[in-house]
Amino acid sequence: EENMTVTEDFSRVENSYQMEAEVCITFSDFGKMQNICNLLIEKLGTAVTISPPHFYHTPEAVDTLRRQVCVAAVGNTRQKAQEVCRLLGQSLGKPLLIKEEETKEWGGHVDSHLPNSPDSLTLQERIQNATAHASCRVFAVFEIKGKENRRNKLL
């Protein structure tokens with residue numbers, strides 16, 4: 001209910017009353033939005049008009065994306081360092097320094113004033129244009145241990 005607003009308009013038409021309602025709902029799950037739209041069309045038929053969705057990213061969602069990308073970059077860096085150590089007959093130790101050097105973001109653009117002409121974007125194109133992407137470059141320094149140090153610690 002907190003993600004929904006309803007605007008109602010009552011008017012008299014000849015000897016009867018007419019009610020129009022506009023319902024705006026904010027969804028965080030695209031599949032759920034599609035299911036509800038389909039249900040409304042199925043139940044109300046031509047009495048309902050469903051406007052195209054307006055896509056946007058909350059600041060919290062963008063912040064979560066940035067964190068996930070940085071964590072993935074650190075994980076990838078550690079994995080590559082482990083592979084290099086294995087190639088050289090060494091073992092990877094603890095990280096000595098991890099620094100986020102650069103974060104890039106692109107996409108996530110929404111044209112909120114799309115024309116209602118045949119040239120307007122399809123739903124798939126709107127989703128593609130609204131999809132946010134991010135990348136992160138990290139610098140990491142790891143301790144490298146020789147194989148003999150590892151064996152001595154096990155004994």
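No hydrogens, no waters, no symmetry mates; every other heavy atom, side chains included, goes into these values. Predicted model, so just to flag it, every value in this text is computed and none were measured.
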Taking atom CZ of Arg126 and atom OG1 of Thr131, what is their separation to the nearest 0.5 Å?
-> 12.0 Å
Honestly curious: do Val6 and Ile50 fall in one hydrophobic cluster under the side-chain, below-4.5 Å linking rule?
-> yes
Specify the closest pair of heavy atoms between Cys85 and Ile144, including all atoms of both residues, with the distance to one decimal.
-> SG-CG1, 4.1 Å
Pairing residues for Lys43 by the side chain to side chain contact (heavy atoms under 4.5 Å, CB included) criterion, not counting sequence neighbours | Leu39
Taken to the nearest 0.5 Å, the spacing of Ile127 CD1 from Phe30 CZ works out to 3.5 Å
Compare all side-chain heavy atoms of Met4 with those of Cys24 and state whether any distance is below 4.5 angstrom.
-> no
Provide the closest heavy-atom pair for Ser91 versus Gly146 in the form atom of the first, atom of the second, distance.
-> OG-O, 4.3 Å
Heavy-atom closest contact (Lys145 atom, Gly93 atom, distance) = CE-CA, 4.0 Å
What residues join Phe142 in its hydrophobic cluster, counting side-chain heavy atom gaps under 4.5 Å, either direct or through other members?
-> Leu92
Is there side-chain contact between Cys136 and Glu100, with at least one heavy-atom pair below 4.5 Å?
-> yes
Quick one: closest heavy-atom pair of His133 and Leu65, and the distance?
-> C-CD2, 4.4 Å
Got a second to check how far Ile25's CD1 is from Leu40's CG, nearest 0.5 Å?
-> 7.0 Å
For Leu87, what residues pass the side chain to side chain contact (heavy atoms under 4.5 Å, CB included) criterion, not counting sequence neighbours?
-> none
Joining Ile, Leu, Val, Met, Phe, Trp and Tyr whenever any side-chain heavy atoms lie under 4.5 Å apart, the cluster holding Val84 also takes in Leu88
Hey, does Leu121 have a side-chain heavy atom less than 4.5 Å from the side chain of Asn129?
-> yes
Just grab all the side-chain hydrogen bond (donor to acceptor under 3.5 Å, both in side chains) pairs involving residues 16-26, residues at least two apart or on different chains.
-> Arg12-Tyr17, Gln18-Glu20
Does a side-chain heavy-atom distance below 4.5 Å link Asn3 with Phe27?
-> no
Here the gap from Asp29 atom CG to Asn35 atom CG, rounded to the nearest 0.5 Å, amounts to 8.5 Å
Residues two or more places apart in sequence or in another chain: which of them pass side chain to side chain contact (heavy atoms under 4.5 Å, CB included) with Glu83?
-> Gln79, Arg86
Any side-chain heavy atom of Val48 within less than 4.5 Å of one from Ile41?
-> yes
Sorted by chain and number, sequence neighbours left out, side-chain hydrogen bond (donor to acceptor under 3.5 Å, both in side chains) with Glu125 holds for Thr122
For Arg66, the side-chain hydrogen bond (donor to acceptor under 3.5 Å, both in side chains) test, sequence neighbours excluded, returns Glu105
If you take all heavy atoms of Met33 and Pro53, which pair is closest and at what distance?
-> SD-CB, 3.9 Å
State plainly whether one hydrophobic cluster holds both Phe10 and Val13, where clusters connect Ile, Leu, Val, Met, Phe, Trp and Tyr through side-chain heavy atoms under 4.5 angstrom apart.
-> no
Flag yes if Val62 and Tyr56 sit in one hydrophobic cluster, no otherwise; membership is Ile, Leu, Val, Met, Phe, Trp, Tyr, and two members link when side-chain heavy atoms are under 4.5 Å apart.
-> no
For Asn38, check side-chain hydrogen bond (donor to acceptor under 3.5 Å, both in side chains) against everything at least two apart and list the hits.
-> none
Taken to the nearest 0.5 Å, the spacing of Gln68 CD from Asp63 CG works out to 10.0 Å
Using the test side chain to side chain contact (heavy atoms under 4.5 Å, CB included), find all partners of Glu42 that sit at least two apart in sequence or belong to another chain.
-> none
Partner residues of Glu101 under the side-chain hydrogen bond (donor to acceptor under 3.5 Å, both in side chains) criterion, sequence neighbours left out | Arg137
Output the rest of the hydrophobic cluster of Val138: all Ile, Leu, Val, Met, Phe, Trp and Tyr residues reachable through side-chain heavy-atom contacts under 4.5 Å, sorted by chain and number.
-> Val74, Ile98
